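What follows is a single structure, written as structure tokens, with notes after it.
Please read all numbers here as calculations on a predicted model, not as lab measurements.
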Number of protein chains: 2
Amino acid sequence: MRATIYDVAREAGVSIATVSHVINGKGKISRERREEILDIMKRLNYRPNAIASALAGKRTFTLGLLVPDISNPFFAEIARSVEDQGHQLGYSVIICSTDNQEEKVKRYVNLLRQKQVDGVIIGTGISHGELLKPLQEHSLAIALIARDNPALDASSVRVHDLEGGRLAAEHLLHLGHRRLAVLAENERVTSSSDRVRGFVEAAASHGLVLPPGCIAACDHKIEDGYRRAKAMLELAVRPTALFCCNDLLAIGALRAARELGLRVPEECSVVSFDDTILASVTDPPLTVIAQPIEQMGRMAVDLVVRGLSGKGDPARRIVLPPELIVRQSTALPPA
Amino acid sequence: MRATIYDVAREAGVSIATVSHVINGKGKISRERREEILDIMKRLNYRPNAIASALAGKRTFTLGLLVPDISNPFFAEIARSVEDQGHQLGYSVIICSTDNQEEKVKRYVNLLRQKQVDGVIIGTGISHGELLKPLQEHSLAIALIARDNPALDASSVRVHDLEGGRLAAEHLLHLGHRRLAVLAENERVTSSSDRVRGFVEAAASHGLVLPPGCIAACDHKIEDGYRRAKAMLELAVRPTALFCCNDLLAIGALRAARELGLRVPEECSVVSFDDTILASVTDPPLTVIAQPIEQMGRMAVDLVVRGLSGKGDPARRIVLPPELIVRQSTALPPA
DNA sequence: CTGAAAGCGCTTACAG
DNA sequence: CTGAAAGCGCTTACAG
């Protein structure tokens with residue numbers, strides 16, 4: 001059997017209260033006693049039982065991470081960052097892939113509640129405002145990552161999507177592109193629609209109006225990006241540049257161009273969004289509006305952990321600047 | 001405050017033992033009583049506290065997943081599969097990215113022990129036999145995934161690496177390649193060295209001896225694959241085909257070929273191993289020896305969970321067949 | 001079929 | 001500076 005607090009107390013000839021105090025660095029314990037107890041703990045290879053500790057009133061030091069799909073590189077990278085910062089602060093993280101399905105969100109939320117996690121970081125679809133309410137009601141600390149939900153009084157950290165869309169447009173505009181098209185996500189995804197809006201606004205400010213047919217709403221997968229891009233590139237007057245709202249869609253676009261025999265970037269430029277590992281692995285490597293993934297993960301953890309000690313601090317909404325990374329998928333439009 | 005078992009007991013006019021029984025489907029409770037109690041639980045939105053339940057002797061229904069890096073697509077895909085099967089069986093999973101660093105492994109192992117997880121699935125480097133011993137001593141169920149460690153009496157599920165190497169060689173040999181080279185991982189990684197061995201053996205059985213200079217040990221990253229592939233492809237008599245022990249290395253090889261102006265597959269064939277999302281996203285898409293990632297994740301969970309109920313069943317070592325997926329990175333050698 | 005009671009391994013006022 | 005005691009929310013023999 002594993003050693004318990006009783007074992008070390010007996011061994012040291014003190015009460016378990018005293019042992020508990022040295023574990024938690026509380027109360028005043030004489031120097032020698034403390035060191036003696038520390039020694040005994042080491043000798044017995046004693047580790048406080050986190051379950052018991054949590055039940056007795058301390059935190060569980062566990063966080064939940066809700067994402068659509070951990071195998072999606074974007075969320076895998078988010079997860080890594082969340083994990084690292086969590087670990088740094090003493091928290092472990094439970095992964096919850098929801099596939100953006102209401103049913104799964106519900107199940108996971110219940111589970112996290114039962115497991116008494118201290119907080120949850122939410123990177124999953126946001127149509128679930130209702131489902132998240134229960135979390136807040138039970139005064140669970142929550143933070144949204146890579147998205148925001150005005151209806152929720154919750155902290156969040158995300159990239160400035162509007163600005164990102166603008167950056168993409170300006171890059172293409174400066175290269176001289178005039179026939180632009182957009183591969184967007186589902187329009188209910190606000191981060192995507194913000195990107196599109198930024199893109200459209202920037203184009204407008206250069207006197208360019210994007211006809212609605214130039215904006216395709218796609219599912220979040222390569223195949224759909226491929227399909228929609230292909231349709232656009234087969235048009236009589238085809239766009240010379242495509243703005244894709246995430247790396248998966250951009251890969252689909254690349255594939256469509258290749259299949260149609262269009263060289264990228266010579267005959268068709270592509271700007272992506274996110275900058276996961278995928279963006280640097282394609283041929284050509286993707287020019288992309290990068291999200292500060294690592295930083296967002298770190299800050300999201302800080303937000304929920306801060307919310308924990310929180311004397312009810314108001315929600316903080318952090319918006320980080322996007323960055324244009326020029327690689328090789330963009331160039332001057334064909335003459 | 002959240003409702004407790006006392007609240008529903010009081011409300012129902014029964015003892016908490018009875019409530020506990022209906023929660024766990026134990027003992028005989030009269031039909032009406034059960035339903036009444038169920039109703040009350042629903043009305044109070046009662047969820048048993050998993051922490052208390054675990055302390056009182058039940059499982060924590062939590063699994064640890066040790067991997068080198070969750071942001072590596074291979075492990076992200078493993079994680080997804082583990083998560084799904086775990087969730088199916090009522091378990092949540094805590095992610096632990098160790099970067100194959102002994103220090104981090106140690107910290108995570110201690111953490112998992114303190115959190116009293118029921119089992120841990122290990123996909124991380126295996127030089128850590130020593131570090132894993134403590135897990136077993138505390139009779140934690142463990143299962144290795146995508147690797148095995150003969151020194152450990154533990155269940156495992158992996159692909160038949162030797163056979164995979166063989167498949168790769170035979171594919172290239174049948175195409176007519178004779179000048180072969182290999183991008184391997186660190187030779188201490190047994191899965192990689194098995195792949196290389198299979199490859200070399202198959203070549204030998206076709207009367208081909210690979211000179212040692214044709215096998216490069218690489219770090220597990222794109223840059224290193226790139227560097228080593230480049231060196232090989234710059235040789236006076238360069239290989240006409242490269243076998244890469246994982247997708248990251250293959251991507252590096254693709255990049256090197258591109259930079260040297262060598263067309264893949266016309267001038268240089270590339271066979272990869274793993275078949276993560278990366279393999280289907282490159283240009284050209286990679287011919288690859290696929291690991292049954294989804295299946296391995298599922299079986300690993302089954303192995304640890306079975307080990308839990310286990311009346312000390314002996315360790316099971318499952319070896320799954322690899323599959324050759326021919327995409328567009330391989331062709332006949334240049335004339 | 002149901003309940004009283006002990007116990008899981010801790011923490012935390014409180015008293016001294 | 002240290003300890004006795006109550007309590008966290010459950011489960012599980014055991015008794016009836």
Between the OG1 atom in B:Thr98 and the NE2 atom in A:His87, the distance rounded to the nearest 0.5 Å is 10.5 Å

Under 3.5 Å, side-chain donor or acceptor atoms of residues 64-73 of chain A against the rest of the protein: list the pairs with distances, not counting sequence neighbours.
from: A:Asp69; atom 1: OD1; to: A:Ser71; atom 2: N; distance (Å): 2.8
from: A:Asp69; atom 1: OD1; to: A:Ser71; atom 2: OG; distance (Å): 3.0
from: A:Asp69; atom 1: OD1; to: B:Arg80; atom 2: NH1; distance (Å): 3.0
from: A:Asp69; atom 1: OD2; to: A:Ser71; atom 2: OG; distance (Å): 3.0
from: A:Asn72; atom 1: OD1; to: A:Phe74; atom 2: N; distance (Å): 2.8
from: A:Asn72; atom 1: ND2; to: A:His220; atom 2: NE2; distance (Å): 3.1

Answer yes or no: is there a side-chain heavy-atom contact under 4.5 Å between A:Ile5 and A:Tyr46?
yes

Side-chain heavy atoms of B:Glu77 within contact of B:Ile277, under 4.5 Å:
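With C-beta onward as the side chain, the pair touches.
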
Atom pair distance, as rounded to whole Å: [atom1] in [X] and [atom2] in [N]:
| X | N | atom1 | atom2 | value |
| --- | --- | --- | --- | --- |
| B:Glu36 | C:dC1 | CD | C1' | 15 Å |
| A:Leu55 | D:dA6 | CG | C1' | 13 Å |
| A:Asn49 | C:dG7 | CG | C1' | 14 Å |
| B:Asp7 | D:dC8 | CG | C1' | 14 Å |
| A:Gln116 | D:dC8 | CD | P | 13 Å |

Using a cut-off of strictly less than 4.0 Å, decide whether [X] has a side-chain nitrogen or oxygen near OP1 or OP2 of [N].
| X | N | value |
| --- | --- | --- |
| A:Thr18 | D:dT2 | no |
| B:Thr4 | D:dG9 | no |
| B:Arg33 | C:dC1 | no |

Under the criterion side chain to side chain contact (heavy atoms under 4.5 Å, CB included), which of B:Val82, B:Ile145, B:Val301 is the partner of B:Met296?
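The single option meeting the side chain to side chain contact (heavy atoms under 4.5 Å, CB included) with B:Met296 is B:Ile145.
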
Going by the rule side chain to side chain donor-acceptor pair (under 3.5 Å), which residues pair with A:Gln85 if we only count those two or more places apart in sequence or in a different chain?
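For A:Gln85 the side chain to side chain donor-acceptor pair (under 3.5 Å) partners, ignoring immediate neighbours, are A:Asp302.
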
For the pair B:Asp99 and B:Lys104, find out whether any cationic side-chain nitrogen is under 4.0 Å from an anionic carboxylate oxygen.
yes

I'd like to check the side-chain contact (heavy atoms from CB on, under 4.5 Å) partners of A:Ser92; sequence neighbours left out, ordered by chain and number.
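Only A:Thr62, B:Ile94, B:Leu111, B:Lys115 meet the side-chain contact (heavy atoms from CB on, under 4.5 Å) criterion with A:Ser92.
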
In B/S/- notation (B base, S sugar-phosphate only, - none; protein heavy atoms under 4.0 Å), nucleotides 11-16 of chain D written 5' to 3' is BB----

Could you work out, with salt bridge (charged side-chain N to carboxylate O under 4.0 Å, His left out) as the rule, every residue matching B:Glu11, not counting sequence neighbours?
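Residues passing salt bridge (charged side-chain N to carboxylate O under 4.0 Å, His left out) with B:Glu11: B:Arg43.
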
Given Watson-Crick and G-U pairs under 3.5 Å, DNA chain C in dot-bracket ([ ] crossing, | other strand) is |||.||||||||.|||

